[in-house]
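Scroll down for the structure; my scribbles are underneath it.
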Protein chains: 2
Amino acid sequence: MTTIKDIAKVAGVSVTTVSRALNGYPDVSEKTRQKIIEIAKQLNYSPNTLARSLVMNKSKTIGLLVSGMNHSAIKDNFTFEVLTGINDYIAKTDYDLILFSTNSTKQREKTYSQLCRERRVDGVILQGIKTDDPYLTEVVESDIPCVLIDIPIQSDKVGYVTTDNVLGAKKAVQHLIELGHENIAMMNGHDYAFVSKQRLEGFRQAMEEANVAINDDWIVNGEFSEEVAEKKALELFSKHREITAIFCASDLMALGVVKALKQMGLSVPDDVSVVGYDDILLASYVSPSLTTIAQNRFQMGYEAASMLVEMLEGKEAKVVMLRTQLIVRESTKKNQLLKGRM
Amino acid sequence: MTTIKDIAKVAGVSVTTVSRALNGYPDVSEKTRQKIIEIAKQLNYSPNTLARSLVMNKSKTIGLLVSGMNHSAIKDNFTFEVLTGINDYIAKTDYDLILFSTNSTKQREKTYSQLCRERRVDGVILQGIKTDDPYLTEVVESDIPCVLIDIPIQSDKVGYVTTDNVLGAKKAVQHLIELGHENIAMMNGHDYAFVSKQRLEGFRQAMEEANVAINDDWIVNGEFSEEVAEKKALELFSKHREITAIFCASDLMALGVVKALKQMGLSVPDDVSVVGYDDILLASYVSPSLTTIAQNRFQMGYEAASMLVEMLEGKEAKVVMLRTQLIVRESTKKNQLLKGRM
DNA sequence: TTCTTCCTCCAAAACGTTTCGGATTCTTTC
DNA sequence: GAAAGAATCCGAAACGTTTTGGAGGAAGAA
């Protein structure tokens, strides 16, 4: 493997000159620069990033700490879409991505900052970690530039990108209310996700502003899982047949809810309206297709990468909040009971 | 950032001893080892991988060169599932993954081996590149350990993992033949994919062994794209209404074909049977659900990672061929014309 | 002519590790 | 008590870069 020394030797100059020639410094004559470049090509030279990073104290790599890259994430490929967005931006820069594979066991062994410092990443993007994750506190404490996805924590060195979950949920619930529903339930995720809290808040706001009573028994947690949501929905609807609409904090859970309702012989949307969140691919393919809140996950990744790179170039950490969009499909409908009453 | 020197200073020993203590060499007394470990903890030391890699001449990173991580890959998330498998295995080792973001422009700028040598990766996994990609020739020429996914090239340092595409396609077509179909078309991918060639070969074998005539006009390329396949299917079926079954080299194209048939007022499976390949998530959700050949993409990634790590530990490059499985759903049916004839 | 300035170039230090070859001390053996 | 051997430790080189501070010479200014 040819080094800068080899080039220096055959060019008859010092390694300093080679380095400076190759890096475009002005204090080397054009003649020798051309000679050096020529020789470098001939010797098939490529610089050793490790050595460079070591001395420059920056590695031109950004770490990607995702949790939720597992077998079960295929239906809801949030992670992948975000990753695609990140990759898309990074491809235009001279950074490379390093993927920290954090299964749960490894996570316990090495701390967040250990991971980052060992590999000397210049910055990190975090996605999919829960609010009780020990990494989270480390992130703010450590001084490594970092951008979070869907986690509203900000400091000097950490920014985040998210969507307006409160407004998104509000739009979903308002849609139900406009359809004449009054007995509205909510299938939330779990308490360890910021988005859950925010979507619950949006739910409350929409209900209160429309003067619709909130029944706390009708708010249950589906753990963002299709199966759990299905089970919980079975319980919920067998106890409370009066519910005519349900807002789910994810499409995946909405799928589970629809399954449960079908099992009980209830029709979606004739008996119960269901609205999801995410607009996953399946949402438009299942039957009935899902009314849902769309968020552009690709863009989230793209913005996150963009922000991080900007931060590495000296700009300040900031907050990016993306728009969501209500997409009305087949799973929601005018309240049938209401029609009867009128 | 604390270094080995800092530890040496407070422990009152040399850096050599610190290094050897931390790395478990036997020529340091248990007493000083404990002392050093204790101090390292207190100083919150984490080793600098860059420095280590530089001197040891291996980086404990493996490169991931995927093409096809783009916006349009979301339906058919082959790449993501493979990636998940790779990540799953890698998480159990002390390697990290570095994702080479190769959009087409960057690809032209830097050669394959340049990418690898700059980052000093120990090995590479390649996925999703076409047969005419310049990287491919470089791979075999370079002496970097490498495993390919779905590309049957082997040498001293390069192995591959794939599925038995010939057999898979054969099973699909045999299924159609068993259903009584004789006028069978094929929607292939494109000429720059190995799997296309192999699946075509499987198609031919099945037809020949069953003594069913092959009509070369009925074999068209859909570029692995839903839209292109739709267009091509429209052309094909408007010219040749006698076709009663079609084998598609991917589920995505099968979706396009089904769309085209619906547009033409033809029923799947009553008028035309369609079988796909891949068993993507959508296959079981669309209506009619797709009969298809399932391949375990997660396992492909897992096996690839496993093979590469083994190679890095001295074992030989090898070939892994995984099984496929015919999954019969709603898009295939007994040939109706045949029924009439009987 | 001499002094200053600019253009090229270079030696050496630094980054944080690992490892080779030896040096010291301690224990054992005769 | 001395020689031998084992157990511990260490100095220095090496990995491939970048960068600092200056050296040498040529050109311009006085």
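Everything numeric here is computed off the predicted structure, so don't read it as measured data. Quick note on labels: first sequence line is chain A, next is B, and so on, each numbered from 1. All values below were derived from every heavy atom in this structure, side-chain atoms included, with hydrogens, water molecules and symmetry-related copies excluded.
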**OP:** Consider the side chain of B/Ser29, meaning its heavy atoms from C-beta on, and name the nucleotide among D/dT17, C/dT17, D/dC9 that approaches it most closely.
**Re:** D/dC9
Subject >> Nucleotide nearest A/Val28 when distance is taken to its side chain, options D/dG16, C/dA12, C/dC9 >> reply: C/dC9
**OP:** Tell me whether the OP1 or OP2 atom of C/dT19 has a side-chain N or O from B/Tyr25 closer than 4.0 Å.
**Re:** yes
Original post:
Of A/Val55 and B/Arg33, whose nearest nucleotide on DNA chain D comes first from the 5' end?
Top reply: B/Arg33
Original post:
Separation of B/Arg52 atom CZ from D/dT17 atom C1', in whole Å?
Top reply: 20 Å
Original post:
Which nucleotide in the list C/dC10, C/dT19, C/dC15 gets nearest to the side chain of A/Leu54?
Top reply: C/dC15
Original post:
With nearest nucleotides of DNA chain C determined for B/Ser46 and A/Glu30 from heavy-atom distances, which residue corresponds to the more 5′ nucleotide?
Top reply: A/Glu30
Original post:
Rounded to whole angstrom units, what separation is found between the NZ atom of B/Lys31 and the P atom of C/dT25?
Top reply: 15 Å
Original post:
What about A/Thr16: does its side chain form a donor-acceptor pair under 3.5 Å with the base of D/dT19?
Top reply: yes
**OP:** Could you please name the option among C/dT18, D/dT18, C/dC10 that lies closest to any side-chain atom of A/Asn23?
**Re:** D/dT18
Subject >> Interatomic distance where NZ belongs to A/Lys35 and C1' belongs to C/dC9 [whole Å] >> reply: 12 Å
Subject >> Heavy-atom check, side chain of A/Met69 versus side chain of B/Phe80, under 4.5 Å >> reply: yes
**OP:** To the nearest Å, give me how far apart CZ (A/Arg120) and C1' (D/dT17) are.
**Re:** 16 Å
**OP:** Scan B/Thr49 against the nucleic acid and name what it touches under 4.0 Å (heavy atoms): base, sugar-phosphate only, or nothing.
**Re:** nothing
Original post:
What integer distance in Å separates A/Leu22:CG from D/dT19:P?
Top reply: 13 Å
Original post:
In a check of side chain to side chain contact (heavy atoms under 4.5 Å, CB included) between B/Tyr45 and each of B/Ile39, B/Leu22, B/Val18, B/Asp6, which one passes?
Top reply: B/Leu22
Original post:
Of B/Met56 and B/Ser14, whose closest DNA chain D nucleotide lies nearer the 5' terminus?
Top reply: B/Ser14
Original post:
For B/Thr32, which contact category applies under a 4.0 Å heavy-atom criterion: base, sugar-phosphate, or nothing?
Top reply: sugar-phosphate
Subject >> Positive for side chain to side chain contact (heavy atoms under 4.5 Å, CB included) with B/Leu65, one of B/Leu115, B/Ile129, B/Leu148 >> reply: B/Leu115
Subject >> d(NZ, B/Lys60; C1', D/dC15) in whole Å >> reply: 18 Å
**OP:** Would you kindly compare B/Leu50 and B/Asp27 by the position of their nearest DNA chain C nucleotide and give the one closer to the 5′ end?
**Re:** B/Leu50
Subject >> B/Lys41 and B/Glu38 ion-paired at < 4.0 Å >> reply: no
**OP:** Kindly assign one of parallel, tilted or perpendicular to the pair B/Tyr302 and B/Phe298, based on the angle between their ring planes and the thresholds 30° and 60°.
**Re:** parallel
Original post:
Which residue, B/Thr93, B/Leu97, B/Val121, B/Val124, forms the side chain to side chain contact (heavy atoms under 4.5 Å, CB included) with B/Ile62?
Top reply: B/Leu97
Original post:
Can you tell which of D/dT18, C/dC15, C/dC9 lies closest to the side chain of A/Val15?
Top reply: D/dT18
**OP:** For C/dC9, take OP1 and OP2 only and decide whether either is under 4.0 Å from a side-chain N or O of A/Thr17.
**Re:** no
Original post:
Once you round it to whole Å, what is the distance between P of C/dA11 and CD1 of A/Ile4?
Top reply: 14 Å
**OP:** Would you classify B/Thr3 as touching base, sugar-phosphate or nothing, given that sugar-phosphate means primed atoms plus P, OP1 and OP2, and contacts are heavy atoms under 4.0 Å?
**Re:** sugar-phosphate
Original post:
Rounded to whole angstrom units, what separation is found between the NZ atom of A/Lys58 and the C1' atom of C/dC15?
Top reply: 15 Å
